[in-house]
Every structure is written in structure tokens, then in C-alpha cells.
Amino acid sequence: MTKLKLDGLQKHYGTVAAVKGIDLDVAEGELVSLLGPSGCGKTTTLRCVAGFELPTGGRITFDGNEVTMLPPERRDIGMVFQNYALFPHMTVRENLRFGLEMRKVDAASMERRVADVLGMVQLTSMETRYPRQLSGGQQQRVALARALVIEPKLLLLDEPLANLDAKLRDEMRFFIRSLQKRVGITTLYVTHDQAEAMVMSDRIVVMFDGLIHQVGGARDIYDRPATRQVASFIGLSNFVTGRVAGRDGSLWRLETSFGTISCGAGIAPGAGSPATAMVRPEAIDLSAAPVAGAFPGRVSERFFLGNLVDYRITMSDGTLLQVQQPATAAFAPGDEVHATLPAERAWLVRDDAA
């Protein structure tokens, strides 16, 4: 297993800065996802780690050894591309043998490695098939097996599930994560799919405009986003603006136009300063009768989504909140309701990157 370290990584294309100074440590055996919208620099960062792009500045090290300017073939990496890049004229077995033959692995070791990795990806019975004879999910597993059979120090995956349908994509998320844990290989994974990153990652690196905005576990990033931009990208969010009225222990009081709410914060706002709180739709409770600490509102829209109901609640000041409740909830448009915004699920976010 290998430690990966990026120090001040930069990549410019002429006057355009695609990556503006990335510092990142990936521990041995860890799966870290680079998550962000198109154009945020995540794939460029991955390609720099792979050696397909040469950085404009900064350093890349594997286990403390600098590889910044080394060509890809000297980095000992396994790469899985979005389009799989399988050789169409080769069988599954031949696709797996190719990388080993280029490395001049002896015949006995080659057969053992191919057999082992075919078993890992559950394709032993399909070793004589050609890529065109495989489903999308099977091709994806062959691409993964081809990356693993060379026993690389580092596994890199560039949106490998983007071309699969929704159901198969869900299945492959769990398959790849389970396989990565079993093999124990250090992995850098690129995706724009937040659910994919949350399911698969030990840590998530959220990127915008060539910069890292937050690094953390799925729960931390979802419940405690560092900025409004992170909160907007990860899941659904309500943003409530107001002024900081003071502090009670670890909670801050935020005076809004429909009442005062309490919330946590990763920042230290000054009393009287403007601030924005993020509250997830599923965190808000609705009741027909008044409840201590709840705020009055009215149901303006209701959408049945199968396992839950999605409401739009118009508060007394006209603020619109999105609220998600279990499918058993029975409020209808026009009903008067009372909304509770629990302090433990409300969180002040920075607006500087919004």
C-alpha cells in the first residue's frame, strides 16, 4: 500500500488555471474521492497523479518519493477510465494478460494473477469472451481487473460508472467499494455524483474552480458543510438568512424574519453580523398543532415521491422552506402547519464562496 501526497499542485493551460494549489494526503489503503461539478479540476488533478499531465507547479509523492515529472509507465499505477478502454480484439483473459506481458511477468505468475483477479471480479466463466459480448457492468469489472492484475501501488478511477444505467451504477458502487476494502489498495476516485462519493469514500474532497473547499467524511460534509457552495452541491438545503443575536454554549442564535433559531457553526461570527444557516429538508419537523419552539407556516405545495412527501412551506414572512416527511404524512396544500428547525441540524455556513 502507498501513501499519496500532493503539495501545492497546480496546472495551467495557457492563462487558464485548472488546478490552483492542491494540498492533499491520502493514507495507505484509503479511498478518497475528488467530488465536484464539471470544470472544477478534479480530473486534471487525477491525470497529474497518473502522469498524463505534467503539473505547472507543486509536488506529487508516493511514499515520500517524488514522481512529479515521471512518465505514467514509471509510476506503478492502475487506471480505470470512464470509457473502460478495453482492447476490442482481445478476450477478457488477453486484456488482463496484456499489462503483465508488457512487464515481462513470468508465465506461472501471470496465470496465477489472472486467475486470482478474475475470481475477485466474478468473471471466471467469461474469460474467453470479447468486450462486445459483455454487458456494461461486466466491461467495467474487466477494466477494474485489468488495473488490479498488475498489482499497482495506487489505483486511480476516473468516473468509471458514468456510462452505466442507474440500477447498475448502484450495484457497482458497492461492488467496487467492497473489492477495494478486500484488496486494501490506496485509491483516488473522481466523480461528480455526490451519492457515489458518499457511499464509497473514506473521505471526500469537495472541489470548485480548481480549489479544495472541504475535506472530510460523508457525514461531516453533509451535516457540517464549510461553505454555502458545498451545502448547495451536497444534497438539498434550505438557506435561512438573518443576524447573529448571541451565543448559548455551543449554539448560536440567529434572528430571522420569521423568528429566532438556534444553530451550530464551524465559524465564529460576531454578534450583530449577517449570517446564513443551512437546514436539510428532512431535518425539519412539521406538526398540525403549535409546538414549543416551532414557527407557523402554510403548505403551498405537496409532492408524493414514494418513500417520502416533499413539501413547500410558506412561512409567516413569505420565506419558502423545503421539507421532506415520511410518506405517511398527510398535510395538504393550504393546511396551516408549525415547523420546527432543530438546533442540532441547523448549521451556519460561510457565504464567501457562494
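The basis for the numbers below is simple: all heavy atoms, side chains too, and nothing from hydrogens, waters or symmetry mates.
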ask   = Centres of the F208 and F233 rings: under 6.0 Å?
value = yes

Side chain to side chain, V80 and D158, heavy atoms closer than 4.5 Å = no

Under 3.5 Å: donor-acceptor pair, side chain of D23, backbone of G8 = yes

message = Rounded to the nearest 0.5 Å, what separates atom NZ in K42 from atom CE in M207?
response = 8.5 Å

Any donor-acceptor N/O pair, Y311 side chain to F331 backbone, under 3.5 Å = yes

ask   = Does any N or O in the side chain of R103 come within less than 3.5 Å of the main-chain N or O of I150, such that one atom is a donor and the other an acceptor?
value = no

task = Name all pairs fulfilling the salt bridge (Lys or Arg N to Asp or Glu O under 4.0 Å) condition that reach into residues 26-41, sequence neighbours left out, sorted by first residue then second.
result = E30-R203

request  = Tell me, please, whether F174 has R177 positioned over its six-membered ring: NZ or CZ under 6.0 Å from the ring centre and within 45 degrees of its axis?
outcome  = no

remark   = From the list L46, L144, L31, L188, side chain to side chain contact (heavy atoms under 4.5 Å, CB included) partner of L157 resolves to L144

ask   = Short question: side chain of Q194, backbone of G235 - any donor-acceptor pair under 3.5 Å?
value = yes

key: SB check R219 D223 (cutoff 4.0 Å)   = yes

key: L118 and L96, any side-chain heavy atoms less than 4.5 Å apart   = yes

ask   = Are any side-chain N or O atoms of N163 and backbone N or O atoms of Q82, one a donor and one an acceptor, separated by less than 3.5 Å?
value = yes

task = Check the pair T191 / D193 against side-chain hydrogen bond (donor to acceptor under 3.5 Å, both in side chains), numbers first and verdict last.
result = CA-CA 5 Å; T191 182; D193 186 320; 5.4 Å; no

task = Report yes or no: is the cationic atom of R141 (NZ for Lys, CZ for Arg) under 6.0 Å from the centre of the six-membered ring of F175, at an angle within 45° of the ring normal?
result = yes

query = Would a distance-only check, ignoring hydrogens and angles, find a side-chain to backbone donor-acceptor pair under 3.5 Å from R169 to A162?
reply = no

request  = Taking Q214 for its side chain and R224 for its backbone only, find out whether a donor-acceptor pair lies under 3.5 Å.
outcome  = yes

inquiry  = Taking salt bridge (Lys or Arg N to Asp or Glu O under 4.0 Å) as the cut-off, I'd like each qualifying pair that reaches into residues 257-274, sequence neighbours left out, listed once.
reply    = none

query = Any Lys/Arg nitrogen of D63 or K153 sitting under 4.0 Å from an Asp/Glu carboxylate oxygen of the other?
reply = no

message = Enumerate the salt bridge (Lys or Arg N to Asp or Glu O under 4.0 Å) contacts for residues 255-268, please, sequence neighbours excluded, ordered by first and then second residue.
response = none

key: Test item: L308 and Q325 side chains (from C-beta on) under 4.5 Å apart, heavy atoms   = no

Heavy-atom side-chain proximity of V26 to L154 below 4.5 angstrom = no

ask   = Checking T186 side chain against T2 main chain: does a donor-acceptor pair fall under 3.5 Å?
value = yes

message = Do D335 and R298 have side chains that approach each other closer than 4.5 Å (heavy atoms only, starting at C-beta)?
response = no

message = With a 4.5 Å cut-off on side-chain heavy atoms, are M315 and L320 touching?
response = no

ask   = Quick one: does NZ or CZ of R146 land under 6.0 Å from the six-membered ring centre of F98, within 45 degrees of the ring axis?
value = no

task = State, yes or no, whether a side-chain contact exists between E94 and H89 at a heavy-atom distance under 4.5 Å.
result = no

task = Using atom types as modelled and distance alone, determine if a side-chain donor or acceptor of E127 lies under 3.5 Å from a backbone N or O of R93.
result = no

Test log, rule side-chain hydrogen bond (donor to acceptor under 3.5 Å, both in side chains), inputs T68 and E66 = CA-CA 6 Å; T68 311; E66 185 168 358; 2.9 Å; yes

query = Does the side chain of Q138 come within less than 4.5 Å of L123's, by heavy atoms?
reply = yes

query = When you check the gap from the basic side-chain N to the acidic O, do D25 and K3 get nearer than 4.0 Å?
reply = no

From L156 atom CG to F52 atom CZ, the distance as rounded to the nearest 0.5 Å = 8.0 Å

task = For T340 and P342, indicate whether the former's side chain and the latter's backbone hold a donor-acceptor pair under 3.5 Å.
result = no

message = Tell me whether R113 is salt-bridged to D116, with the criterion being a basic N under 4.0 Å from an acidic carboxylate O.
response = no

query = Quick check: are there more than 12 heavy atoms from other residues, nucleotides or ligands sitting under 6.0 Å from CZ of R74?
reply = no

key: Separation of E196 CD from D170 CG (nearest 0.5 Å)   = 9.5 Å

